[in-house]
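Keep in mind it's a predicted model, so treat the numbers as computed, not measured.
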Amino acid sequence: MTYTSLHRALGLPAGSVTEEMIAAAVIAQVAEAEDLDWKATVDEVKDGREFAKDVAAMANTAGGVIVFGVSEDGHDQADELVGIADPRPLVQSLRGKAGMVRPFIPALRVRSVPLVSKPGRHLIVVEVPRSPEAPHLVPLAKDLKDSWGYPRRRGSDTDWLGESDLAVAYAGRFSRRRAAEDHLTTLSTDLSERLLHLPSSIWVVVTTACSVPSVADTANAVDPNTVEPSLQEALPLLPEAVVREYLDGGTGRPRIGLRRAVVSTDITYTGQSRRGHLELLHDGAFAGALNMAHLDETVNGLRYLVQVRLQRAVRDMVTVAALHAQRRQADGVLQARVGIAVPGPETVGHVPAVALTHQLYMMSDPQPVSGSITLATVLPVMSEAPLADLVSSEESRRQFIEQLTLDLVHQFAVASLVPGT
C-alpha cells in the first residue's frame with residue numbers, strides 16, 4: 001500500500017492515488033517532498049535516464065509517488081491539475097525507461113488515472129516502493145556501459161550517493177537478505193510445532209514472505225463460516241490438487257490465529273495436524289505443510305515420497321501463497337523457502353531415510369526412482385520472484401515452482417521432474 005507525504009498532508013490512510021486526492025492536493029498547495037514529485041508533462045523526463053534517476057532515487061530513499069499532469073507554482077507546490085491526453089503510449093514508454101534501473105524494481109507501478117473533471121485527460125501515477133534491493137544504479141551516459149551512478153532523494157531534490165553512503169547501503173541490502181532468510185526459517189520452525197510427527201511422516205513445508213509486506217492491522221476479520229478466499233481462488237488453477245485432498249476437499253474453514261488465518265486438519269485438543277496445515281498471515285506471509293508420506297508405515301526401513309505428489313504439493317502451496325500475498329496487497333519480491341521435514345531421533349528414535357518413487361498407485365513393495373539415492377536429511381531450498389509476475393503469469397509461476405522443486409529432487413540424484421504436473 002502506498003503511503004507518502006501526500007497522504008500525510010491530506011490526513012488520509014495508505015492507499016492508491018486518486019483524482020480526488022490530487023484535486024485536494026492542488027487546493028491545499030501540497031509541496032514536493034522526498035517521496036512526492038509533481039510533473040506537468042512527460043516531456044520533463046524525455047531523456048530516459050532522467051526518469052530512471054528519479055525512480056531509482058526514490059527507491060534508494062523511502063519510496064514515493066511521481067505524478068504527471070500536475071503543474072507547480074515555482075515553489076515546488078501543486079498549482080494546477082492539467083492532465084495528460086492519450087496516456088497509454090506514455091505509460092508504456094515510462095515502464096520501458098524504468099527498466100534502465102539496476103537491479104530492476106519489481107514492485108514499481110505506472111498507471112493512468114482518468115480525470116472525471118477533465119474528460120479525455122488523465123494523470124499518470126508512478127508508485128515507487130522503498131526497495132529492499134537498494135542501492136539501485138542508473139546510467140549516467142547514453143552508452144549504458146560507460147558509467148553509472150546511485151541517486152537518492154534529499155528533500156525535493158536528487159543527488160548522488162558517495163562512497164561511504166554506498167558502503168552503508170550495500171550492508172543494508174545484505175542484512176535485509178539475511179533477515180528475510182531468517183524470517184522464512186522462523187516461520188518454518190514455528191510451523192513444525194503444529195505438525196504431528198510420526199515415524200512415517202514426510203512433511204513438505206513451504207514458507208513465503210514479500211519484500212514489501214502488507215500492513216497487518218488492515219486485515220479483515222477471519223470468517224470461520226466461509227472457505228478461505230485465497231484457497232478458494234487457487235483451486236481452479238490446480239488440476240489434481242493435493243491441497244484439496246488434504247484439506248477437507250478444499251472446503252476447510254479458517255479459524256483465527258495470531259494475526260493470521262489458519263486452515264488445518266488438526267487433531268482435536270492437540271492442535272497438531274496429521275495431514276495438512278496452512279497459516280495465512282495478515283502481512284501477506286504464508287506457512288504451510290502437507291504430509292506427503294506415501295504409506296502410513298515405513299517399508300524396508302525407508303519412508304517413500306511419490307515425486308509427482310511432491311511436485312503438486314509445492315505447486316499448490318506456492319500458488320496459494322502468491323494469491324494470498326496479492327489479496328493482502330503485499331508487494332515486491334516473493335521470497336520462498338521449501339523443505340522436506342521428517343521427525344528426528346529425538347521424536348521417533350531411529351530415523352528412516354526418505355526415498356523418491358514414481359509408483360503413484362501401490363499398497364506395498366515400493367521401489368525408489370532408478371538411480372536415485374535415499375536421504376536422511378533434505379536441505380531446504382530458496383528462491384524469489386516478483387509477486388506481480390507470479391500472480392499474473394502462469395508461465396512465470398510454473399518456472400518458479402519448477403526450479404524450487406528441481407532443487408529438491410536433485411538432492412535425490414533425480415535429474416528431472418515428472419511432466420504434466
Smallest heavy-atom separation, H277 atom then S264 atom, equals ND1-OG, 2.8 Å
Here the pair of heavy atoms bringing L278 nearest to G288 is CD2-CA, 3.8 Å
Between I105 and A59 the two heavy atoms that sit nearest each other are CD1-CB, 3.5 Å
**Side chain proximity check, F400 to L390, heavy atoms < 4.5 angstrom** = yes
- Query: With distance as the sole test, does D407 use its side chain to make a donor-acceptor pair with the main-chain N or O of V381 at under 3.5 Å?
  - Reply: no
Practice item. State, yes or no, whether a side-chain contact exists between S200 and Y304 at a heavy-atom distance under 4.5 Å. Key: no
Next on the checklist: Within the structure provided, determine whether R259 and D283 are in side-chain contact (heavy-atom separation under 4.5 Å).
Outcome noted: no
Quiz question: by atom type and distance under 3.5 Å, do the side chains of H7 and T4 form a donor-acceptor pair?
yes
Between W148 and M100, the two heavy atoms sitting closest are CZ3-O, 4.0 Å
Which atom pairs, one a donor and one an acceptor, fall under 3.5 Å between side chains of residues 203-210 and the rest of the protein, sequence neighbours left out?
{"residue": "W203", "atom": "NE1", "partner": "L196", "partner atom": "O", "Å": "3.2"}
{"residue": "T207", "atom": "OG1", "partner": "L184", "partner atom": "O", "Å": "3.2"}

For S211, the side-chain hydrogen bond (donor to acceptor under 3.5 Å, both in side chains) test, sequence neighbours excluded, returns none
### Message
Using the rule given for side-chain hydrogen bond (donor to acceptor under 3.5 Å, both in side chains), can you reason through S370 versus H358, listing the C-alpha separation, both sets of side-chain angles and the distance that settles it, and then say yes or no?
### Response
CA-CA 9 Å; S370 178; H358 285 164; over 6 Å; no
Rounding to 0.5 Å, atoms CD (E34) and OG1 (T158) come to a distance of 10.0 Å
Interatomic distance, CG@L238 vs CZ@R315, rounded to 0.5 Å, equals 5.0 Å
- Over 12 foreign heavy atoms within 6.0 Å of CD, Q399: yes
Check: So V320 and L280, side-chain contact (heavy atoms from CB on, under 4.5 Å) or not? Walk me through it.
Finding: CA-CA 9 Å; V320 173; L280 300 102; 4.1 Å; yes
When rounded to the nearest 0.5 Å, the distance separating CD of Q335 from OG of S383 is 10.0 Å
Residue pairs meeting salt bridge (Lys or Arg N to Asp or Glu O under 4.0 Å), one or both in residues 119-136, sequence neighbours left out, come to R111-E127, E133-R177
For residues R274 and L198, determine if any side-chain heavy atom of one lies less than 4.5 Å from a side-chain heavy atom of the other. yes
(Q) Within the structure provided, determine whether I202 and L310 are in side-chain contact (heavy-atom separation under 4.5 Å). (A) no
Measure from the side-chain N and O atoms of S5 to the backbone N and O of R8, and report whether any donor-acceptor pair falls under 3.5 Å. no
### Task
Check the pair E245 / R312 against salt bridge (charged side-chain N to carboxylate O under 4.0 Å, His left out), numbers first and verdict last.
CA-CA 11 Å; E245 175 186 347; R312 288 172 183 163; over 6 Å; no
Strictly distance-based, threshold 3.5 Å: is any side-chain N or O of R173 a donor or acceptor partner for the main-chain N or O of P135? yes
- With side-chain contact (heavy atoms from CB on, under 4.5 Å) as the test, would you mind laying out the steps for L187 and R337 before giving the verdict? CA-CA 10 Å; L187 287 173; R337 180 185 190 270; over 6 Å; no
Sequence neighbours excluded, the answer for side-chain hydrogen bond (donor to acceptor under 3.5 Å, both in side chains) partners of E50 is none
**Heavy-atom side-chain proximity of V42 to F51 below 4.5 angstrom** = no
Exercise for the section: Could you give me the CA-CA distance, side-chain angles and deciding distance for R328 and S214, then say whether side-chain hydrogen bond (donor to acceptor under 3.5 Å, both in side chains) is met? Expected result: CA-CA 6 Å; R328 287 293 306 123; S214 175; 3.1 Å; yes
Does the pair Q311 and Q307 meet the rule for a side-chain hydrogen bond (donor to acceptor under 3.5 Å, both in side chains), with working shown?
CA-CA 6 Å; Q311 293 173 207; Q307 183 177 335; 3.0 Å; yes
Test item: E233 side-chain N/O and H324 main-chain N/O as donor-acceptor pair under 3.5 Å:
no
*Quick one: does L323's side chain get under 4.5 Å of L237's, heavy atoms only?*
yes
One should read off an interatomic distance between N60 CG and S131 OG, to the nearest 0.5 angstrom, of 7.5 Å
Item checked: Check: A33 main-chain N/O paired with R153 side-chain donor or acceptor under 3.5 Å -> yes
Output yes when a side-chain donor or acceptor of W38 lies under 3.5 Å from a complementary backbone atom of D79, and no otherwise. no
d(L375 CG, L356 CG) to nearest 0.5 Å is 8.0 Å
Donor-acceptor contact present, side-chain E279 to main-chain R260, <3.5 Å = no
Using the side-chain contact (heavy atoms from CB on, under 4.5 Å) rule, take H136 and V138 through it: C-alpha gap first, then chi angles, then the decisive distance, then the call. CA-CA 7 Å; H136 296 269; V138 294; over 6 Å; no
- Query: For R327, does the CZ atom sit with more than 12 other heavy atoms under 6.0 Å from it, leaving out its own atoms?
  - Reply: yes
| Which is it for R275 and T265 under the side-chain hydrogen bond (donor to acceptor under 3.5 Å, both in side chains) test, yes or no, and what are the steps along the way? | CA-CA 6 Å; R275 302 197 74 199; T265 54; over 6 Å; no
### Message
Please determine whether salt bridge (charged side-chain N to carboxylate O under 4.0 Å, His left out) holds for the pair E395 and R398, giving the CA-CA distance in whole Å, both sets of side-chain angles, and the decisive distance to 0.1 Å.
### Response
CA-CA 5 Å; E395 179 63 18; R398 182 190 63 78; 2.3 Å; yes
- After noting the C-alpha distance and the side-chain angles of F286 and M317, does the key distance pass the side-chain contact (heavy atoms from CB on, under 4.5 Å) rule? CA-CA 9 Å; F286 171 91; M317 286 190 282; 4.0 Å; yes
Minimal heavy-atom distance between A313 and L290, with the atoms involved, is CB-CD1, 4.1 Å
Interatomic distance, CD1@I66 vs CG@D35, rounded to 0.5 Å, equals 11.0 Å
Under 3.5 Å: donor-acceptor pair, side chain of T61, backbone of A57: yes
The side-chain hydrogen bond (donor to acceptor under 3.5 Å, both in side chains) partners of E19 (sequence neighbours excluded) come to S117
Notebook entry, point to check: Looking only at atom types and distance, does a side-chain atom of K39 sit under 3.5 Å from a main-chain N or O of V45, one as donor and one as acceptor?
Noted result: no
D331 side-chain N/O to V212 backbone N/O, donor-acceptor pair under 3.5 Å: no
May I have the list of side-chain donor-acceptor pairs in residues 82-95 shorter than 3.5 Å, sequence neighbours left out?
{"residue": "R95", "atom": "NE", "partner": "V110", "partner atom": "O", "Å": "3.3"}
{"residue": "R95", "atom": "NH2", "partner": "V110", "partner atom": "O", "Å": "2.7"}

- Query: Do L6 and I22 have side chains that get closer than 4.5 Å, going by heavy atoms?
  - Reply: yes
Here the pair of heavy atoms bringing T319 nearest to A234 is CG2-CB, 4.1 Å
